[in-house]
Trainee: 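Let me begin by handing over the structure; questions about it come next.
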Amino acid sequence: MKHALIIYSGGLDTTVCVPLMRERGFERISTVCIDVGQPQADIDQATERAKIMGTEHVVLDVKEEFAAQHCFPAIHANADYFGYPLSTAIARPIIGQQAALYGLKVKADAFVHGCTGKGNDQFRIEFGLRMFAPEIPIIAPIRDANLTRTWEIEYAEKVGAPIGQSKDKIWSIDENLWGRSIEGGRLEDPSYAPPEEIFQWTRGFDACPNEPESVTISFEKGNPVAINGEALAPAAIVAKANEIAGRNGVGRIDMMEDRMIGLKVRENYECPGATMLIHAHKGLEALVTTHPERRFKAQVDQQWAEMAYQGLWWDPFMEDLNAFIGSVQTRVTGDVTLRLFKSSMQIMQRSSPFALYSEAAASFDDVEALEQSQMTGMVKTHGMASLLYAKLKSSGAL
Ligand code: ARG
């Protein structure tokens, strides 16, 4: 009996995969829904639809792993792809990985995913699958048969696949612990202002409280471990950060995004927790690192973001970048207090046992730390090359 394992979200694309695979002769169909923090209603809907279609369905809760092994490294790298903290991007590899491991366990003959051929997710998910189960073939029915949404809806109705209200769904939404992406419909037009209704995690400017809120985040080796003194596990701390930043309107991102295949698209995200945690983390790194470390890490972080965007989570280059980033993190311990107010965010206080900052040295009060008269000679040599160049110019040699 040929056995297909469908990576199942319960949405239109993955739902039509079920009858499509049956038509292809797969007699045994499993569906796996990987919980990375999408709304419970989505998970329940997937379970319900799988039941209607009679698949062997399972939900794998990987939220804790996702937070600790994907969101936290994103904080360490100050994840930023042109303003996007990589929320969808960092979830795809773990979805591929977990589906691969499950597929090996249930001895699937093929993996099936519902990605279209225009996005980035096909790359990220297939990489995760191939990385952990390279022998199992992958089928992407929507992409490979060039299926359109309209065709899918008509087909689902014809074969009686449960797609519910998919017909009038205007936006395409992807959600996990690290953020929420809203795309499609009129949003594709960059001149169209996003309506307030697309946002669910963040308040609009007008709806924010009239009083600023202060929040203290404690980090240990680059990991957020407590908020306002309350120690929380990784998934809970990200959720709490989403709640606090979201209610103050922090973390809306409206950007032009360059996709992997060269397409430029307009994207909307709300990543309140990610935005706030990364800002605080960056603020703490600034206190504990040297100038060349900061300068170099900014470049490393940028490379990290490119790799993460492509979903190349287990690439050797990623390992190299993480080694440098990880070495810096050993000192990123301390507290950062932020003031959130009507979608703005400011660092008010930072402290660390590893601060490289010395008040005495900076204020010149401490003669031992730095005697200012010693600077005379050093200052004299500053700009030496420029002076030589000016001399050459005035001599007429240039
Ligand atoms: N473009 C984004 C990325 O590649 C997110 C796409 C999420 N999908 C969605 N249907 N909203 O990371």
Side-chain angles (χ1 to χ4, degrees), residues 7-17 33-34 36-39 41-42 45-46 66 70-71 73-74 77 79-96 113-128 140 142-143 147-149 152-153 163 165-166 168-190 192 194-195 197-202 251-271 274-275 278 302 304-313 318:
I7 304 170
Y8 192 58
S9 69
L12 174 67
D13 293 325
T14 56
T15 297
V16 300
C17 284
C33 176
I34 299 174
V36 282
Q38 63 270 46
D42 289 9
Q45 178 177 279
F66 175 56
H70 294 248
C71 302
D80 176 10
Y81 181 77
F82 299 94
Y84 163 44
L86 296 158
S87 44
T88 295
I90 65 166
R92 298 316 192 188
I94 192 173
I95 291 173
H113 67 74
C115 299
T116 68
K118 287 196 174 174
N120 300 316
D121 293 334
Q122 49 183 339
F123 295 96
R124 300 164 177 160
I125 289 183
E126 288 197 19
F127 170 68
I142 313 297
R143 177 187 68 203
L147 302 184
T148 64
R149 210 178 145 73
E152 287 177 52
I153 293 169
I163 55 163
Q165 15 63 19
S166 302
D168 40 66
K169 256 198 191 147
I170 345 177
W171 322 113
S172 165
I173 293 164
D174 178 63
E175 210 168 315
N176 65 54
L177 210 50
W178 203 229
R180 189 167 174 271
S181 147
I182 316 100
E183 56 179 31
R186 288 196 67 190
L187 287 171
E188 278 169 7
D189 173 3
Y192 173 72
E197 60 160 89
I198 70 164
F199 301 107
Q200 268 177 23
W201 288 19
T202 54
R252 286 190 181 182
I253 300 137
D254 185 348
M255 64 181 290
M256 294 311 301
E257 183 172 315
D258 292 296
R259 280 196 194 153
M260 287 166 65
I261 61 166
L263 264 185
K264 197 181 273 297
V265 288
R266 194 268 190 95
E267 294 277 355
N268 274 275
Y269 297 99
E270 24 183 13
C271 305
T275 304
I278 290 170
Q302 200 186 344
W304 189 97
E306 292 285 336
M307 294 296 283
Y309 189 74
Q310 296 177 48
L312 292 171
W313 204 254
M318 199 59 160

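Start at 1 and go down the list; that is how both ligands and their atoms are numbered.
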Trainee: Has the side chain of Arg124 got a donor or acceptor atom that lies under 3.5 Å from a matching backbone atom of Tyr309?
Mentor: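 It does hold such a pair.
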Trainee: Out of Arg180, Arg124, Arg92, Met255, whose heavy atom is nearest to atom 3 (C) of ligand 1?
Mentor: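 Residue with the shortest heavy-atom distance to the ligand atom: Arg124.
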Trainee: Could you find the nearest protein heavy atom to atom 2 (C) of ligand 1 and give me its residue, atom name and distance?
Mentor: Tyr269 OH, 2.9 Å
Trainee: Crowded around Glu126 CD? As in, over 12 foreign heavy atoms under 6.0 Å?
Mentor: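 Yes, because the 6.0 Å sphere around CD of Glu126 holds more than 12 heavy atoms from other groups.
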Trainee: Decide whether an N or O pair under 3.5 Å exists between Thr88 and ligand 1.
Mentor: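 Not met; the criterion fails.
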Trainee: Any idea which atoms of ligand 1 are less than 4.0 Å away from a heavy-atom of Glu257?
Mentor: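 Counting from 1, the qualifying ligand atoms are 1 (N), 2 (C), 3 (C), 4 (O).
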Trainee: Applying salt bridge (charged side-chain N to carboxylate O under 4.0 Å, His left out), name anything that partners Asp254, two or more places apart in sequence or on another chain.
Mentor: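 Applying salt bridge (charged side-chain N to carboxylate O under 4.0 Å, His left out) to Asp254 gives Arg266.
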Trainee: Any atoms of ligand 1 less than 4.0 Å from a non-hydrogen atom of Asn120? List them with their elements.
Mentor: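 Selected atoms, number and element: 3 (C), 4 (O).
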Trainee: So for atom CZ, which belongs to Arg259, do other residues, nucleotides or ligands contribute more than 12 heavy atoms lying within a distance under 6.0 Å?
Mentor: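 Yes - once you tally the heavy atoms of other residues, nucleotides and ligands closer than 6.0 Å, there are more than 12.
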Trainee: Among all protein heavy atoms, pick out the one at the shortest distance from atom 11 (N) of ligand 1; state its residue, atom name and that distance to 0.1 Å.
Mentor: Ser181 OG, 2.7 Å
Trainee: Among all protein non-hydrogen atoms, which one is nearest to atom 12 (O) of ligand 1, and what is the separation to 0.1 Å?
Mentor: Tyr84 OH, 2.5 Å
Trainee: Is Ser172 close to ligand 1, meaning an N/O of one under 3.5 Å from an N/O of the other?
Mentor: yes
Trainee: Flag the pair Asp174 and Arg92 as a salt bridge only when some basic side-chain nitrogen lies within less than 4.0 angstrom of an acidic carboxylate oxygen.
Mentor: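 Salt bridge present between Asp174 and Arg92.
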Trainee: To check your reading of the model: name the closest protein heavy atom to atom 9 (C) of ligand 1, its residue, and the distance in Å.
Mentor: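 Sorting protein heavy atoms by distance from atom 9 (C) of ligand 1 puts Glu183 OE2, 3.4 Å first.
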Trainee: Using side chain to side chain contact (heavy atoms under 4.5 Å, CB included), reason through Leu147 and Glu152 one step at a time and then give a plain yes or no.
Mentor: CA-CA 7 Å; Leu147 302 184; Glu152 287 177 52; 4.3 Å; yes
Trainee: Would a 4.5 Å heavy-atom cut-off, applied to side chains only, mark Asn176 and Ile90 as touching?
Mentor: no
Trainee: Give a yes/no verdict on whether any heavy atom in Tyr81 is under 4.0 Å from an atom of ligand 1.
Mentor: no
Trainee: Using a strict cut-off of 4.0 Å, indicate which atoms of ligand 1 neighbour a heavy atom of Glu267.
Mentor: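 Here the atoms of ligand 1 in question are 1 (N).
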